[in-house]
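Okay, so here's the structure we're looking at.
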Amino acid sequence: MIGLDTNVLVRYIAQDDSKQSPKASRLIESLTSDSPGYVSVVSLVELVWVLSGCYALTKDEICEVLEALLRTKEVIVQNAAIVWKAVRLFKSGKADFADCLIELSAKEAGCGYTATFDRDAAKHCGMKLID
């Protein structure tokens, strides 16, 4: 198993760099279920940030990318069950993907709630606003 950094995922998905994109493609397409790539939740959060901020992908397009990664047998996504829940919450609501992942990760860890100063996170993904 090898770890895949965010920039490798971006080059593969965007195919926007004449030198790095073919290298990313070769690497990712060489992965197998016996020798998979590993994607951390940190890389996923960065990936969403880059795809939305730099490449102006829509929420639906970003969800398609995340779902494809989660379904790919040659890729292991850290905490995949929580990530699936976060993708569904992100897809169906107005919450930010990172906030969905933070809230659901805390819940999975046994937290009673996630405290925040972010009004949108409290309103849209179940965090508790600190007054």
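All figures in this text were calculated on a predicted structure; none of them were measured in a lab. Residue numbers count from 1 along this sequence.
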Check your understanding: If you group Ile, Leu, Val, Met, Phe, Trp and Tyr by side-chain heavy-atom gaps below 4.5 Å, do Y55 and L4 land in one group?
Key -> yes

Check your understanding: Do E74 and T32 have side-chain atoms, one donor and one acceptor, less than 3.5 Å apart?
Key -> no

Point to revise | Side-chain heavy-atom pair K85, K107 within 4.5 angstrom cut-off | key: no

**Study point:** Exam field: side chain D5 to backbone V8, donor-acceptor pair closer than 3.5 Å
**Key:** no

Point to revise | Which atom of S52 lies closest to which atom of I62, heavy atoms considered | key: CB-CD1, 3.6 Å

Check your understanding: Any idea which heavy atoms bring H124 and L89 closest together, and the distance?
Key -> O-CD1, 4.3 Å

Check your understanding: Would E61 and L51 satisfy side chain to side chain contact (heavy atoms under 4.5 Å, CB included), going step by step from the backbone distance to the final call?
Key -> CA-CA 9 Å; E61 292 169 325; L51 294 179; over 6 Å; no

Practice item. Please answer: with hydrophobic residues joined when any side-chain heavy atoms are less than 4.5 Å apart, are I28 and L69 in the same cluster? Key: yes

Revision key, fill the gap. Closest heavy-atom pair, C100 versus C125, reported as atoms and distance to 0.1 Å, is N-SG, 4.2 Å

Study note, to complete from the structure: Tightest non-hydrogen contact, residues F90 and D96, listed as CD1-C, 3.9 Å

Practice item. Using atom types as modelled and distance alone, determine if a side-chain donor or acceptor of S35 lies under 3.5 Å from a backbone N or O of L31. Key: no

Point to revise | Residues S25 and Q15: side-chain donor-acceptor under 3.5 angstrom | key: yes

**Study point:** Exam field: side chain S21 to backbone S18, donor-acceptor pair closer than 3.5 Å
**Key:** no

Review point. Is the backbone of V41 close enough, under 3.5 Å, to the side chain of Q78 for a donor and an acceptor to pair up by distance?
Key: yes

**Study point:** Student check: side-chain heavy atoms of I76 and V39 closer than 4.5 Å
**Key:** no

Review point. Are I82 and S105 close enough, and set up right, to give a side chain to side chain contact (heavy atoms under 4.5 Å, CB included), and what steps lead you there?
Key: CA-CA 7 Å; I82 295 169; S105 295; 3.8 Å; yes

Revision key, fill the gap. Minimal heavy-atom distance between T114 and A106, with the atoms involved, is OG1-CB, 3.1 Å

Check your understanding: Is there any ring-ring contact (aromatic ring centres under 6.0 Å, His included) pair reaching into residues 3-54, and which pairs are they, with sequence neighbours excluded?
Key -> none

Practice item. Mark yes or no for whether K59, through its side chain, and G93, through its backbone, hold a donor-acceptor pair below 3.5 Å. Key: yes

Review point. Is it true that V50 and V83 fall in one hydrophobic cluster, defined by side-chain heavy atoms closer than 4.5 Å?
Key: yes

Practice item. Flag yes if I13 and F97 sit in one hydrophobic cluster, no otherwise; membership is Ile, Leu, Val, Met, Phe, Trp, Tyr, and two members link when side-chain heavy atoms are under 4.5 Å apart. Key: yes

Review point. If you measure from CD on E64 to CZ on R71, what distance do you get to the nearest 0.5 Å?
Key: 9.5 Å

Point to revise | Value rounded to 0.5 Å, distance of CG in L129 from CG in D118 | key: 8.5 Å

Review point. Any idea which heavy atoms bring M127 and T116 closest together, and the distance?
Key: CB-CG2, 3.6 Å

Practice item. Tell me whether I2 is reachable from V75 by hopping between hydrophobic residues (I, L, V, M, F, W, Y) whose side-chain heavy atoms are closer than 4.5 Å. Key: yes

Check your understanding: Run the salt bridge (charged side-chain N to carboxylate O under 4.0 Å, His left out) check on D120 and K94 step by step: do they pass?
Key -> CA-CA 8 Å; D120 286 336; K94 295 181 179 182; over 6 Å; no

Revision key, fill the gap. In this structure, CG of L104 is separated from CZ of R88 (nearest 0.5 Å) by 9.5 Å

